[in-house]
Amino acid sequence: MSLLKLWSVHHFLMLSVFTGAANGYYTYHWAQCIYSSPDFSDMVFLDGYYFNKYLYMQFNSTVGEFVGFTEFGVRNAEILNKDQAYIQQLKAEVDRFCKANAALYKKDIHDKAVAPAVKLSLVKKGDSRRPSLLMCSAYDFYPEQIKVSWLRNGTLVTDVTSTEKMPNGDWYYQIHTELEYIPKAGENISCMVEHAGFSKPMIYDWNPPPVSEFEWSGPLLFTAGDAALMLGIIIAAAGFIYYKSK
Ligand SMILES: *[C@@H]1O[C@H](CO)[C@@H](O)[C@H](O)[C@H]1NC(C)=O
Ligand SMILES: *[C@@H]1O[C@H](CO)[C@@H](O)[C@H](O)[C@H]1NC(C)=O
Ligand SMILES: *[C@@H]1O[C@H](CO)[C@@H](O)[C@H](O)[C@H]1NC(C)=O
C-alpha cells in the first residue's frame, strides 16, 4: 500500500455526514479520494454508504455508477443511477474535489514534510522462553500521519504490543511502538516506517548488541600486573611532585 493513501484519511473527514440515533443505529456516507501517484493521475473518488459500519452501497468514479452490496443497496443504486445529472456531478468530483484538495495538501503539507529520526531499542531482554520487548521510536516528524510496523523475516507482524503517538508541543510528533517476541536464531526483526518525508518505506533492522567482552559479573579485580603498573605511576608522580617542589 502506498504511503500517499494515508493522506486520503484527511479527505474522508471533510465530506462525512454522520447521523446518529438514540437507539444506537449509525448511518453515514463517507467520501474518499484515493491516490498514490504524485501527479494524481490514478485518483479515484469513492462515495460509500454505510449502516452500522457495513458498506451497503458505493459510488466508485472508475466504475462510474453506484453499486449495491445488499438488497437495500442494490435497490437504491438502481434509483440513483437513473439520475444522470447526479452521476455526472459525482464523476466530476475527481477533479473538482479530489485533485484540487490533493494539490492543496501537497503544497501545504506534503512538500513541507520532515522525516523522522528512527531508533530501535531493547526495553526488556528475553531468552528462549521469556519474550523480549523491543521498541521502535520515530522522533521529530511532520506531519502527524505516519505508519510504523514490525517485520519478522520480512513478514508483517499483526499483533503489535502497543503504539503511542504524541505531539512534541513544537509542531513535531513522536511515536513509539513496542513488540514483544521470543527471540529465535537467524530471524530478522525490523521496523518499517512510512512517512511523507521519505520517498519509500524505510526499513530498520534490529541488530542485537553483541555480547560484550567487558561485561563483569563479579566485583572488579586487579591483576598483579595492573597493581604493579599503578604503583609505578604513583611513584613516578610522587617523584615528579618532589622534583617540582624542589
Ligand atoms: C474502483 O473500481 C475499480 C474498477 O472496478 C477497481 O479496480 C478499484 O479497486 C475500485 N476501488 C475501490 C477502492 O474499491
Ligand atoms: C536478515 O538480514 C540480513 C542483513 O540485512 C540478510 O543478509 C539476511 O538475508 C536476512 N535474513 C532473512 C531470513 O531475511
Ligand atoms: C526466519 O528465517 C530464518 C532463516 O531463514 C529461519 O530460521 C526462521 O525460522 C525464520 N523465522 C520465521 C518466524 O519465519
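Ligands are counted one by one from 1 in listed order, and the atoms in each one are counted from 1 as well.
Interatomic distance, Glu93 CD to Lys99 NZ, rounded to the nearest 0.5 Å: 13.0 Å. Note: Lys200 NZ to Met192 CE = 12.0 Å, rounded to the nearest 0.5 Å.
Within 4.0 Å of ligand 1, protein heavy atoms belong to Leu46, Asn60, Thr62, Val63, listed by chain and number.
Using a 3.5 Å distance cut-off with no hydrogens or angles, the side chains of Asp39 and Ser41 do pair a donor with an acceptor.
Ring orientation note: the planes of Tyr28 and Tyr50 are close to parallel, at an angle under 30° on the 30°/60° scale. Using a 30° and 60° split on the angle between ring planes, Tyr172 and Tyr142 fall in the perpendicular class, above 60°.
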**Request:** Starting from the C-alpha separation in whole Å, work towards a yes-or-no answer on ring pair (Phe, Tyr, Trp, His ring centres under 6.0 Å) for Tyr56 and His29.
**Result:** CA-CA 10 Å; Tyr56 65 89; His29 82 116; over 10 Å; no
